[in-house]
Structures are given as C-alpha cells and as structure tokens.
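Attaching a single structure in structure tokens format; questions to follow.
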Amino acid sequence: MGSEGRAKGTTAMEVGDDGVAVITIVNPPVNALSYDVIFSLVDNYNQALGRDDVKAIVVTGRNGKFCGGFDITAFGAPKGQKDDSRSVDFLTEIIEAAKKPSVAAIDGLALGGGLELAMACHARISTATAQLGLPELQLGIIPGLGGTQRLPRLVGITKSLEMMLTSKPISGEQGSNYGLVDAVVLKDRLLETARRWAIDISEYRKPWIASLYRTDKLEPLGEAKEIIQFARSQVLKQAPNVKHPRVCIDAVEEGIISGPRAGYLKEAKGARELQQTLTSKSLVHFFFAQRGASKVPGITDRGLTPRSIHMVAVLGGGLMGSGIATALLLKNYTVILKEVNQNYLQGGISRIRANLESNAKKGRMTLTKLEKMISSLKGVLDYDSFKDVDMVIEAAIEDVSLKQQIFADLEKHCHPRCILASNTSTIDLNIIGEKIRCRDRVVGAHFFSPAHVMPLLEIVHTQHTSPQVVVDLLDVGKKMGKTPVVVGNCTGFAVNRIFFPYTQGALFLVERGVDAYRLDKVIAKFGMPMGPLRLLDLVGFGVSVATGLQFIEKFPERTYRSMIIPILQEDKRNGESTKRGFYMYDEKRRANADPELQKYIEKARNVSSISIDSKLTSLPEKDILEMIFFPVVNEACRVLAEGIVAKAADLDVASIMGMGFPPYRGGIMFWADSLGSKYICSRLAEWSKAYGGFFRPCAYLVERASKGALLSAPVGGSTARL
Ligand SMILES: C[C@H](O)CC(=O)SCCNC(=O)CCNC(=O)[C@H](O)C(C)(C)COP(=O)(O)OP(=O)(O)OC[C@H]1O[C@@H](n2cnc3c(N)ncnc32)[C@H](O)[C@@H]1OP(=O)(O)O
C-alpha cells in the first residue's frame, strides 16, 4: 500500500503564470497508478482546486508516458475501505465535478486506469502515436475507474466494446477520429496546447464536457440493446470458460439502461470481485511471467548490451524459413534468403510475398510499404553475400548431416562475429555445431509455425553459447514482436519436450477405447485451441513420426509406442495435408469425424496386442483431462529439474504461447499448482502401476508431493544448464 517504507511513485505539481497547474505522474517505468500515486494526485488536485492562482489543471506523465494504468503489482494487496472509495471517487467527484477544468496531455500510453483518468478530464490532447486503451480484460478484470461508462459515451458502444473485449489500444490519431481525443499535436507542442485548451475551457471559449453525462455518441436504445446482445453471444461462444467479458458487458448495459451512476456502481462491484478470481490471478501471473522470461540469471544480469543487427540471412525458403523471413521484413530487417536452386528460391520468395500481401489485405500496411519490404529481400543461391550478414538463421529440413555441413560452410563464409542460429525444433545443437570451431556463436532460434504469426521464440543455449549471443538474440526476438524464452539444450528443448506427452497420452487413451472425437472435444472445452488428435492432423504425421523417433531414442523408458499413426500412414493418410488423418477434411479444410477411423484403431490394437480397457471406455471428462495433462506436467517437472529452464514461469509462457494452453489458467505449472503436487503425483502413481512408464511420476514431482510443496517453488542445487 505504500504507506509503509519507500513511496511507490508520486506526482509533481507546477503552477505557471498562465494560471495552469500541471500535475505530472512520476512512477517509472510506465507511470502506473500505485496507491501512492493516487494519494499524491488527490492531494495535489485538492491543493490546485483550493489555490486562487490556479484557473485550470493539466494532467500528464513524466518521460513521454502518460500512464500505464493501475499498478498491477498492487492487485490483491490488502487495502482499507477508506482507501478504496478514495481511489474510486476522486475521478468523478474531484476531477470531473470540479469547479476548475482539467485537460489530459497524453504521450506514449494511456492505458487502463490511465485512460480512465484522462476520460474524467474535460478534454484530451494527444500525440498521434500515443496508445490509448482499456486492456483490463487481458488481466481477467474489467475497468474499475468508470471506463465501462465513459468510453461508450465518448466513442459509442460498438467501438468501446471492441476496445475493451479485445484489450487492443488505438492510436492518438485513431482516437481523434473516434472522438476520444480532442486534438492531436506534435510531442513538443503537447503541454503548451493542453495548457491553452484548459484556459480556454475555464474562460468558456471551449466546451466544458463531463464525459460521464454525454449521450450524443451513444447509439439509440433499440440499437444499443442489439449491439450488447450480439457482443454477449460472441463472448459466450469465444470465451465460455471465463466470466469477466460478460461482467464487462453487463456493466456497460447497466449504464445504458439505468444511467451512468448505476453502471458505475455495477462496474466497481464487478471489478472488485473479479480481482479475487483464479482467472485474474492466472492472467496477472502470465503478464509478469512473459516479462520475466527475458530475465535470465547468469546471462541478462551481466550488464551486456545487445549489438546492432541489421542484416539477417535465412537459409531455406520452406514454410518455416519464409515465415521467419516475413517476420524479419515486417520489422524492417534486411533479409537474404538462400535456397539450393532457382525453383525453391522462387517458391520461398512467393511465399514471403503472399504472407506480406495477406498483411496488407488486412489493412496492416500500405502497398507502398509492402513493396519497400520486398525490396529489402534478396534471394541468393550461394554464400557470396554472407560476409556482410550479422546473423544467419538456418531453417533447412531436420537432417543432422545436412545441418552440420551448412554450419561448416557458414563458418567459412560469415564474418567472425556473425551469429549462427538454427531453427531446429528437436536436434541437439552440440551435434549440429560439431564440425565447427566457433561454437560460442551457435544458438537455437526455434520459431513456431507460422513464424510470422506465432508469438513464441525459444532461444536455445548450449554450454558453449556466449551470453552476448543470447542477449543479441533476445533483442532481435523482442524487436520481431516475439516473446523469447531462453532454454537449455536437450532433445526437444522445452516446448517440444512438454508437448510430446500431450499427443502421446491421446494415442494411449484412444487405443484403449476412449472415443477419439470425444477426447478432442473434452480438451477443446478445457480451452485448448484444438484437441491433440486434430493437432496431429494439422502438423502432419511426418513431423510427429520424426519427433517420436528422437524421443524413443532419448527417453525410451517413458515414450509410449502407438501403432495408430504408422497404420494410418500405410493408407496414405498423413493428416490435413492429405485430407485424411484422424479426421476427414472438406474443401474448406473443415474437419469432420470419419467413421472409418475405428477400423485403423482396431488394427493398431491387434498389431500391439492391446485390448479395450473397460475402465477407460466411459472415462469421465475430468479423468480424460488429467490423463492427458498430468503426463505433460510430469515432463515439465523434469525439464525444470534438469535446469533446461531457469524457472517454472518460463514453462507457463512456453505452454501458453507454444502449445496454446489457455492463458486464463496461468500456464501448465501454475495450473498444476492450483491442483496440488500431491494430487497429481498420486494420480500418476496410480496409472503408472496399471499402465507403466509413460505415467511414472518423476523424482522432482515425487519429492515436491512428499512435502506438499509447490511445483513452481525455486529449484535448489546446481543443475542449471543456462
Ligand atoms: C482500475 C483500472 O481499471 C485497472 C487497471 O488499470 S489494470 C492495468 C491496465 N494496464 C495494463 O494492462 C497495461 C499493462 N502493461 C502493458 O501492456 C505494457 O507493459 C506497456 C504497453 C504499458 C509497456 O510495454 P513495454 O514498453 O513493452 O514494456 P514492458 O516490459 O511490458 O513493461 C515495462 C515494465 O513496466 C511494468 N509494468 C507495465 N505496466 C504496468 C502496470 N500497469 N503496473 C505495474 N507495472 C507495470 C512491467 O511489468 C515491466 O516491468 P519490468 O521492467 O520489471 O519487467
């Protein structure tokens, strides 16, 4: 709460000769509204309102950032009743209802409580690039300082619901088009314009507007009800497992039907209750876990600064390589694409162009920008131009000797500081770099398909990789808009290691009599984008067989050997690409159940001498979920215990961004801890007795369970491979 110890942020007030008090929020890095900031803001406001030499007030934020919203680190912190009402009421009572006008001068960002503060002011002046939004729903809560009431009154119900339900901000420029912003100015004119505007309001040359009581932007009641009903049906379809989007819509609706005061009260109650939910705690955990993922002990704490990377070569123009090249071009890197022949090269370039064009079609860039990006791409068939590149990302097929040869060639043709990265998803990097001398430059840059869309980047670090190279790649990853997770070197690294048991568990259950389509439905209902069998179809059986072989070799004692996929392959069923796998696919790539699947499953049972297990055929949903996800938790525990990741939260990020684990469950380890290590271990032990090694709980899990300890509590000892 900040009343004890050092204050967490403050505000500064300066009164000018023009009679304007400028109150500046000072709480780096994003000027969040901590309780100390709120109290200081209230105190300065009261002073300004009481002073005879102050005619009007301008609120702004230090260092080009208006305000990043309520201080998320203070969520759930104990606070007295008095503090609560003081922080909620001051926007309406002290700012909006004051006898002196307020103007918000916005640069950088006005998010959450920051935008709510700005909306309580009587006008908003912004730079064109500032980001304005109410992203509270991404944290499992709703706006709590009047946002659900004021935003619809400033931009209309449709736009406000879109902004809140997607958590996406709009720019100052767009804000001006929608009516959220009163004027857009250059950064160096911001304060001056806001001051003048404030004086103009106080002297009645500009309107004195209280957003809460505006109605001119609201759609007519009948239309409003339809919009709200539509939004409600959409969130029920898209986010059935969480309630905060519905609470948000309810608060908006209350304000429209019963007036802004009633809406405000409904919002305050909803916001307070939602903060205590597991959903919100999970999403807040994910927020900090994402930011924590790029803080790697022993690497990012050495004071190294990233070197500048301009030119990147991508080796291989297949699906992965072209996706990586697209992602680089989108962030203005110069890219060299190398292929083995003209045909493949042309194919790669066409794929990149198609990716960029699809971005342009969605209105994300102009055609001029697209052409400029294409002009930053050079296709080559040899290494002649590699002497100038700062980083190479190899994205050739998963063939060890081919990759070894490529890296040996790269060492000859690239300058000695060039970073040599491989996009391999499973192969040990020490083997890939075996034939070269400069192994400190070798690093894994594991992107996920499609690379220009998927947000995760797994940075794989061997015992030879220099910390500087990891720091450089972290910087490139962030500039590409990815969330990087740094992991140690092993078969499958972190993501594929924990992903593998997910599909294996499904094959195990199906072979023993669980209905394949029911299984997928149960997993999708839990919140995964699709069930494991649909996923196997999507990825293609070739990839899963290749990965499976690596796992059988490395972890034979716990790799489940199912015959279903090889038997499907015998009939040229390779998944979605062949229009048949576990499902059959129509022209529109829609997956439909295939009655013939049963025939293949029965054949697999015969070949492996497995019979249907009557205990499993009518397994309740809860047991299906646990039998699929507990082996994943078990493998995640091994990855943590081996020091492949620095902390459990990294696995939460990896599972959400790499596997599609629902973010509102906080990630695989956070979710597991919500169930308890004891319970998970006991279930695995029970299944392992009945069904063998695939389910056997690992030593780490057994140890945590015996103490009733959290799986995410820091790991002791010196096993770390980072
Ligand atoms: C009552 C109200 O209705 C409730 C609210 O306001 S809830 C809060 C609403 N605000 C938000 O959701 C914004 C959350 N923040 C963000 O989206 C992004 O951090 C940002 C767009 C502000 C900045 O992004 P970026 O420049 O990439 O920097 P980023 O690394 O994310 O953040 C910088 C630091 O600020 C911290 N931070 C960002 N927003 C914060 C906030 N609202 N509270 C506390 N810390 C915050 C981050 O944790 C990070 O800390 P670290 O350096 O120790 O890791």
Side-chain angles (χ1 to χ4, degrees), residues 398 425-426 446 448-449 454 456 491-556 558-569 573-578 580-583 591 594 597 600-601 604 608 610 616 619 623-636 638-639 651 654-662 668 684 687 691-695:
E398 294 284 76
S425 58
T426 33
H446 179 207
F448 293 77
S449 187
M454 293 292 283
L456 186 67
T491 299
F493 316 129
V495 178
N496 280 346
R497 273 277 296 269
I498 60 170
F499 218 146
F500 193 60
Y502 173 65
T503 47
Q504 281 217 304
L507 296 173
F508 169 87
L509 288 179
V510 168
E511 274 188 350
R512 274 159 189 74
V514 174
D515 180 74
Y517 303 120
R518 176 172 174 244
L519 186 150
D520 265 7
K521 274 203 197 106
V522 170
I523 302 298
K525 196 170 147 203
F526 173 76
M528 296 296 283
M530 62 187 82
L533 302 170
R534 173 71 184 86
L535 180 82
L536 281 165
D537 272 2
L538 182 73
V539 174
F541 295 165
V543 174
S544 55
V545 168
T547 317
L549 289 174
Q550 303 245 9
F551 279 78
I552 288 176
E553 195 185 322
K554 198 75 193 170
F555 314 114
R558 60 176 189 268
T559 304
Y560 179 68
R561 280 158 230 218
S562 159
M563 285 309 291
I564 301 182
I565 287 183
I567 285 170
L568 285 167
Q569 281 181 310
R573 298 176 71 120
N574 264 307
E576 195 180 312
S577 62
T578 52
R580 271 187 155 60
F582 287 95
Y583 293 80
D594 184 352
L597 179 66
Y600 298 98
I601 296 173
S608 310
I610 292 170
L616 300 181
L619 210 54
D623 289 332
I624 293 183
L625 264 179
E626 294 182 354
M627 289 187 93
I628 295 292
F629 282 112
F630 287 1
V632 176
V633 173
N634 201 17
E635 194 63 25
R638 291 192 184 95
V639 167
L651 289 168
S655 61
I656 291 171
M657 301 186 110
M659 267 178 92
F661 195 84
I668 191 75
L684 283 166
W687 302 323
Y691 308 113
F694 175 65
F695 291 105

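Sequence positions, counted from 1, serve as the residue numbers for this chain. Heavy-atom basis, side chains included; hydrogens, waters and symmetry copies ignored. What you see is a predicted model; the values in this text were computed from it and never measured.
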Only residue of Phe695, Tyr502, Trp687 satisfying ring pair (Phe, Tyr, Trp, His ring centres under 6.0 Å) with Phe508 is Phe695
Working for side chain to side chain contact (heavy atoms under 4.5 Å, CB included), residues Phe448 and Met657:
CA-CA 9 Å; Phe448 293 77; Met657 301 186 110; over 6 Å; no
So, do Asp515 and Leu519 sit near enough that their side-chain heavy atoms are less than 4.5 Å apart?
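A side-chain contact is absent here, since even the closest heavy-atom pair is not under 4.5 Å.
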In Å and rounded to the nearest 0.5 Å, what is the CG to CD1 distance from Leu507 to Ile565?
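If we round to the nearest 0.5 Å, Leu507:CG and Ile565:CD1 are 5.0 Å apart.
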Roughly how far, to the nearest 0.5 Å, is the CD1 atom of Ile624 from the CD atom of Glu626?
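Separation between the atoms: 11.0 Å.
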Short side-chain to backbone donor-acceptor contact, Ser608 and Ile610, under 3.5 Å:
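The answer is no, because no donor-acceptor pair under 3.5 Å joins these two groups.
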List the atom pairs, donor and acceptor, that lie under 3.5 Å between side-chain atoms in residues 530-550 and the rest of the protein, sequence neighbours left out.
residue : atom : partner : partner atom : Å
Arg534  : NH1  : Glu576  : OE1          : 3.1
Arg534  : NH1  : Tyr585  : OH           : 3.2
Arg534  : NH2  : Glu576  : OE1          : 3.0
Asp537  : OD1  : Phe582  : N            : 2.9
Asp537  : OD2  : Phe582  : N            : 3.1
Asp537  : OD2  : Tyr583  : N            : 3.0
Asp537  : OD2  : Tyr585  : OH           : 2.6
Ser544  : OG   : Phe541  : O            : 3.1
Thr547  : OG1  : Val543  : O            : 2.7

Distance col, row Leu651:CG vs Glu635:CD, nearest 0.5 angstrom, shows 10.5 Å
Regarding Glu511 and Tyr560, do their side chains bring together a donor and an acceptor under 3.5 Å, going by distance alone?
yes
Answer whether the closest heavy-atom distance between the side chains of Leu616 and Met627 falls below 4.5 Å.
yes
Side chain to side chain contact (heavy atoms under 4.5 Å, CB included) evaluation trace for Phe629 with Met528
CA-CA 11 Å; Phe629 282 112; Met528 296 296 283; 3.7 Å; yes
With a 4.5 Å cut-off on side-chain heavy atoms, are Asn634 and Pro501 touching?
no
Taking Arg573's backbone N and O only, do any of them form a donor-acceptor pair with Thr578's side chain (distance below 3.5 Å, no angle check)?
no
Do Glu398 and Ser425 have a side chain donor and acceptor closer than 3.5 Å?
yes
Once you round to the nearest 0.5 Å, how far does OG of Ser562 lie from CD1 of Ile601?
9.0 Å
Exercise: identify the closest heavy-atom pair between Pro631 and Leu684
N-CD2, 4.0 Å
Arg638 and Phe555: CA distance, side-chain angles, deciding distance, side chain to side chain contact (heavy atoms under 4.5 Å, CB included) verdict
CA-CA 12 Å; Arg638 291 192 184 95; Phe555 314 114; over 6 Å; no
Please report the closest heavy-atom contact between Ile668 and Ala636, naming both atoms and the distance.
CG2-CB, 4.4 Å
Measuring from atom CD of Gln504 to atom CD1 of Ile628, what distance do you get when rounded to the nearest 0.5 angstrom?
10.5 Å
Minimal non-hydrogen separation, Ile498 against Ser655, with atom names
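That closest heavy-atom pairing would be CD1-CB, 4.1 Å.
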Heavy-atom distance under 4.5 Å between the side chains of Arg558 and Phe551, does that happen here?
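Contact flag for Arg558/Phe551 side chains = no.
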Tyr517 vs Val510 side-chain heavy atoms within contact, under 4.5 Å
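In short, these two side chains do not touch, never coming nearer than 4.5 Å.
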Give, for atom CG of Leu597 and atom CZ of Arg580, the distance between the pair rounded to the nearest 0.5 Å.
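Interatomic distance, Leu597 CG to Arg580 CZ, rounded to 0.5 Å: 11.0 Å.
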Student check: side-chain heavy atoms of Val632 and Phe500 closer than 4.5 Å
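They are not in side-chain contact.
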Please confirm whether the ring centroid of Phe661 lies under 6.0 Å from the ring centroid of Phe526.
yes
Grab the two heavy atoms, one from Phe694 and one from Gly505, that are nearest each other, plus how far apart they are.
CZ-N, 3.6 Å
Got Arg561 and Ile552 here, is their nearest side-chain heavy-atom distance under 4.5 Å?
yes
Apply the test side chain to side chain contact (heavy atoms under 4.5 Å, CB included) to residues Met563 and Tyr600: give CA-CA distance (whole Å), side-chain angles for both, the deciding distance (0.1 Å), then the verdict.
CA-CA 9 Å; Met563 285 309 291; Tyr600 298 98; over 6 Å; no
Donor-acceptor pair, side chain of Asn496 and main chain of Phe499, under 3.5 angstrom:
no
